[in-house]
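The block underneath contains the structure these notes are about, expressed in structure tokens.
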Amino acid sequence: MDNKELLGTLCNALEISDANLTEIIQLSGHTLVEGELATCSDRVVRMFLEGLIVSERGPREDGAAIVLEDAALTNNQILKKLRIALNLQELDMLAIFEEGEVELSASEFGALFRKENNKHYRPCSDELLQRFLAGLTPSLDV
């Protein structure tokens with residue numbers, strides 16, 4: 001999934017305006033370089049997701065700075081960050097997937113959150129992430 005599309009879909013689902021987007025990114029403790037938002041790199045998406053966690057859950061209790069990884073951002077990491085930010089439990093996420101017309105068993109769901117070197121790890125496809133995001137919008141209205 002393209003980063004611009006991802007950020008646009010998330011902002012739409014979470015009803016985040018352009019001004020709020022910048023504020024949320026700043027909560028990550030990192031600064032956008034001029035023009036960086038337009039390019040919408042993995043770094044920008046990471047800053048947004050980390051800022052969203054701070055926005056929704058508050059700053060870290062230990063006060064440690066947020067470190068952004070340099071590696072490519074995976075769909076599994078995006079799901080994990082959204083789960084943390086929105087304080088979603090397994091049943092909540094399964095319900096969101098169902099809204100997006102995806103049926104996952106508990107083991108299939110758990111495989112999305114395992115470490116990549118685990119034999120039961122399952123990569124989250126672009127389609128699966130898109131279905132989750134599609135299901136996220138109606139569930140926020142509840």
Do the non-hydrogen side-chain atoms of Asn87 and Arg57 ever get within less than 4.5 Å of each other? yes
Asp2 atom CG, over 12 foreign heavy atoms within 6.0 Å: yes
Partner set under side-chain contact (heavy atoms from CB on, under 4.5 Å) for Glu127, not counting sequence neighbours: Ser125, Arg131
Indicate whether any N or O donor in one side chain lies under 3.5 Å from an N or O acceptor in the other, for Ser105 and Ser107. yes
Determine whether Phe48 and Leu6 make a side-chain contact, defined as any pair of heavy atoms from C-beta on separated by less than 4.5 Å. no
Please state whether the rings of Phe97 and Phe109 are parallel, tilted or perpendicular, taking 30° and 60° as the class boundaries. perpendicular
Would a hydrophobic clustering, with Ile, Leu, Val, Met, Phe, Trp and Tyr connected at side-chain separations under 4.5 Å, put Met93 with Ile78? yes
Taking the basic N atoms (NZ, or NE/NH1/NH2) and the acidic carboxylate oxygens, is any pair closer than 4.0 Å for Arg60 and Asp62? yes
Please tell me if the side chains of Lys119 and Arg114 come closer than 4.5 Å, counting only heavy atoms from C-beta onward. no
Leu129 side, atom CG; Thr74 side, atom OG1 - distance, nearest 0.5 Å: 9.5 Å
The ring-ring contact (aromatic ring centres under 6.0 Å, His included) partners of Tyr121 (sequence neighbours excluded) come to none
Got more than 12 heavy atoms from elsewhere within 6.0 Å of CG, Asp70? no
Co-membership, hydrophobic cluster, residues Leu27 and Ile53, 4.5 Å side-chain: no
